[in-house]
Number of protein chains: 4
Amino acid sequence: MTNKSPVLKKLRNVRRKDQRPGEILRAALEVFSINGYAGTRLDDVAKRAGISKGTIYLYFNSKEVLFNEMVRHWILPQLEKIEQIGKQPAGSAEVILRKQLKVIYEDMVSTKASCIPKLIISEGTRFPELAEFYYQEVIIRAHKTMHETVRRGVAAGEFRQDALNWQLHAILSPALTAAIWKSVFDRFSPLDLKAYFQTHVDLLLHGLKGKS
Amino acid sequence: MTNKSPVLKKLRNVRRKDQRPGEILRAALEVFSINGYAGTRLDDVAKRAGISKGTIYLYFNSKEVLFNEMVRHWILPQLEKIEQIGKQPAGSAEVILRKQLKVIYEDMVSTKASCIPKLIISEGTRFPELAEFYYQEVIIRAHKTMHETVRRGVAAGEFRQDALNWQLHAILSPALTAAIWKSVFDRFSPLDLKAYFQTHVDLLLHGLKGKS
Amino acid sequence: MTNKSPVLKKLRNVRRKDQRPGEILRAALEVFSINGYAGTRLDDVAKRAGISKGTIYLYFNSKEVLFNEMVRHWILPQLEKIEQIGKQPAGSAEVILRKQLKVIYEDMVSTKASCIPKLIISEGTRFPELAEFYYQEVIIRAHKTMHETVRRGVAAGEFRQDALNWQLHAILSPALTAAIWKSVFDRFSPLDLKAYFQTHVDLLLHGLKGKS
Amino acid sequence: MTNKSPVLKKLRNVRRKDQRPGEILRAALEVFSINGYAGTRLDDVAKRAGISKGTIYLYFNSKEVLFNEMVRHWILPQLEKIEQIGKQPAGSAEVILRKQLKVIYEDMVSTKASCIPKLIISEGTRFPELAEFYYQEVIIRAHKTMHETVRRGVAAGEFRQDALNWQLHAILSPALTAAIWKSVFDRFSPLDLKAYFQTHVDLLLHGLKGKS
DNA sequence: AATGAATGAGTTTTCATTCAT
DNA sequence: GATGAATGAAAACTCATTCAT
């Protein structure tokens, strides 16, 4: 009966109270990413969170608000990863680039939030601010950081001169494709993420280092 | 009053009759790709096709049937392109690869059907047969064809030995990314498709040809 | 089988199509006036109109729109009566006043729309534009017209001088009270409208004609 | 720290305890009279009373019970006024009538409870017992009392003989109208209650005293 | 073949009521 | 006694589908 102790009860409750929105946001991620915005019933989100439909409305004013806050909530970890990418220690451009790509794969592809890119793609037309937010805060920032690394490599004579002109979409896109593959096609042909990552890095570095 | 002639009417009608499903499929592509399956109202499809909602049901038994047939209809051209890729004439592996990639870009990215990948990604979870169909008939076949080209290049000493181990997702993914970019982010930052394609080919060929 | 004649069918249909909104507005008047705005379920309006819930939305965009248009629709006849009041022929002020009051009673109290005043009173706080519309277009205009008659009577020496200072609410209020009584208390004590009207006219005219 | 003394606390609490229902009934009057029964959320009543929603249920078993008790609570003062009307001292019928009307105006129109008539009108259909209670205990009793005064005036030769036949609605209705006006239209055109009362009395007495 | 009015099942949203603390 | 988080029944509103014309 230890869990009947008033102190413990209070503790448990406080924790629950604070967790509620988080639980909902987690359930929302799972359900929205399977069914999309319009295809998701709040009943299902509630059921997955183990609460009743009405409870959602205690924390989020509408389905649309829930969706928006959910996406932003799960983008945050990606933003933090981007920060890390920028703070790479000194070293050869190649080493830095490898580390940066590794960080991107780890979060964009291997975590719970790996379905975020799919959601942005699916709902970007209906929620343009969300698409723009993702574009500005995740894609562009990641691009900039990695471009800086390429610039350093070129300056050091490590990379080909014309690598500077490369479209950065082309440099990052394998990571995006991996995230999508995990969400959509993995059931038909599971992705060997390690090998895939290796291919990506090889391809990129050979491309960067080869003579123009 | 020429357009009141019974013969002309009939002619016009026959033509119309044949065009009807096509008009609907085109309207459906446009509307579904913007709103997704659940977010699309048949009213909007009808409006865009310039017909009434009931007419859709003369040609398609349900929203779901329409969606499925629509996707398959617009995947067809991609299938045909894939066929062409396989029938590449002899030549250096590099030349063939360039041509193959060009064909893929032309159809997957530059045509009306360029939103199909986005749709497959968005609705693949809800329509798994569709996702599988796309996986088998488009992705796998394109992979196989290109892998054969790589094999030829390796045999001829044109490409690095270990290129055979490369995950083909990584080889094709830039094209997928381009299609998605066009659908989702182009409004924020328009993609320079020519330059993007160039980067992709450079990256790939330098990677393939570089020494292991 | 005469009603299967194509012409008749068409006629019937056209009539129905044009009547639909009117039928809904009638049902809405009946149900809203019993339950008030918030207490009314559109299901009940639909049931009373003999249609389904969805049909209401073919003609009115929301419950609120239906309510507003309903009130305005049923106020129209009152506006027309007001017009008539203003166009009274010459005659002694007393005769004109009697006719004017009769017209008011006939429409405000004896018709289907007699519950409009009750609705305005009940919902005026929540729909201030509606209350103001009724105030401006019904109350004020009726006031002005009758005040003009009083003025004429005073000028002709028929009415007391100080009658001009009378608050017109006090002159019209018995009609309002009668409408309310009909809607609320008639079940407990049915109003003898003829006698009530007689009292009102007597009271008013004795008051107007008595010496100051 | 005096307010931490247990005795004071208890005192304060006792007082609070006794005031609680009254505070709720006051808040309920304000909110119900603005939004009507169905349009009122208990949350709003609680907020206005400065308590939590659950607390209401400590004193009232349901929204319906609260509404009923609230109306009866605020009708009480009107009942007491009616008692006073009946206990008028001797004097001319005119003087008594003036005093009686003054009392009615003072309570029905000038107090916090002046929105009660509007509430009865709005919700009378849904709460027929309430409407009947108001009819029997307020309207009928006021009518009877004033009719007795008229009878006295007629007997004394002070009023016209046929005044006895007058519908009493017509005699009291200006007061009702004033209460309604205050609740609904005052924002568009504020009622000058003194002048309005004067008109009412003038009109009535001239009518009563004029020769038939 | 084509229409579009009508339907009603399904979804979002609200809110009276309960209850653990 | 007081709270306010949680519930779920009920109501507004939507839209795929039908069908009379």
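Chain identifiers are assigned alphabetically (A, B, ...) following the order of the sequence lines, protein sequences preceding nucleic acid strands; residue numbering begins at 1 within each chain. None of these values were measured; they are calculated from a predicted model.
Stretches of at least 3 consecutive Watson-Crick or G-U wobble pairs, with each checked distance under 3.5 Å, appear in DNA chain F as E:2-21 with F:2-21.
Taking atom OH of residue C:Tyr59 and atom C1' of nucleotide E:dA5, one finds them 6 Å apart after rounding to whole Å. Counting to the nearest Å, the P atom of E:dA5 and the CD atom of C:Gln19 are 16 Å from each other. Rounded to whole angstrom, the span from the CG atom of D:Asn35 across to the P atom of E:dT14 amounts to 16 Å. Spacing between atom CG of A:Leu58 and atom P of E:dC15 amounts to 13 Å, rounded to whole angstrom units. Rounded to an integer number of Å, the gap from CD1 of A:Ile56 to C1' of E:dT11 is 13 Å. Distance, B:Ile24 CD1 to E:dA1 C1': 12 Å, rounded to whole Å. A:Ile51 has its CD1 atom 7 Å from the P atom of F:dT7, to the nearest Å. Distance CZ (C:Arg20) to C1' (E:dT7): 11 Å, rounded to an integer number of Å.
Side chain of A:Arg48 to backbone of A:Ala28: no donor-acceptor contact under 3.5 angstrom is found. Remark: the backbone N or O of D:Ile51 is not paired with any side-chain donor or acceptor of D:Thr55 at under 3.5 angstrom. At least one donor-acceptor pair closer than 3.5 Å links the side chain of C:Glu123 to the backbone N or O of C:Tyr37.
Ion pairing between A:Glu23 and A:Arg26 fails under the 4.0 Å rule for side-chain N and carboxylate O. Ionic pairing of A:Arg72 and A:Glu69 is not present here: no N-O contact between side-chain nitrogen and carboxylate oxygen is shorter than 4.0 angstrom.
Here the CH2 atom belonging to C:Trp74 is positioned 8.5 Å from the SG atom belonging to C:Cys115, to the nearest 0.5 angstrom. The distance from the CZ atom of B:Phe60 to the CG atom of B:Leu25 is 4.0 Å, given to the nearest 0.5 Å. Atom CG of B:Asp43 sits about 8.0 Å away from atom CD1 of B:Ile56, to the nearest 0.5 Å.
Contact check, D:Ser52 against F:dT3: a side-chain N or O comes under 4.0 Å of OP1 or OP2.
Side chain to side chain, A:Lys47 and A:Ser52 fail the donor-acceptor criterion of an N or O pair below 3.5 Å.
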Quiz item: Could you run down nucleotides 11-18 of chain F 5' to 3' and tag each one B, S or - for protein heavy-atom contact under 4.0 Å?
Solution: SSBBSBBB
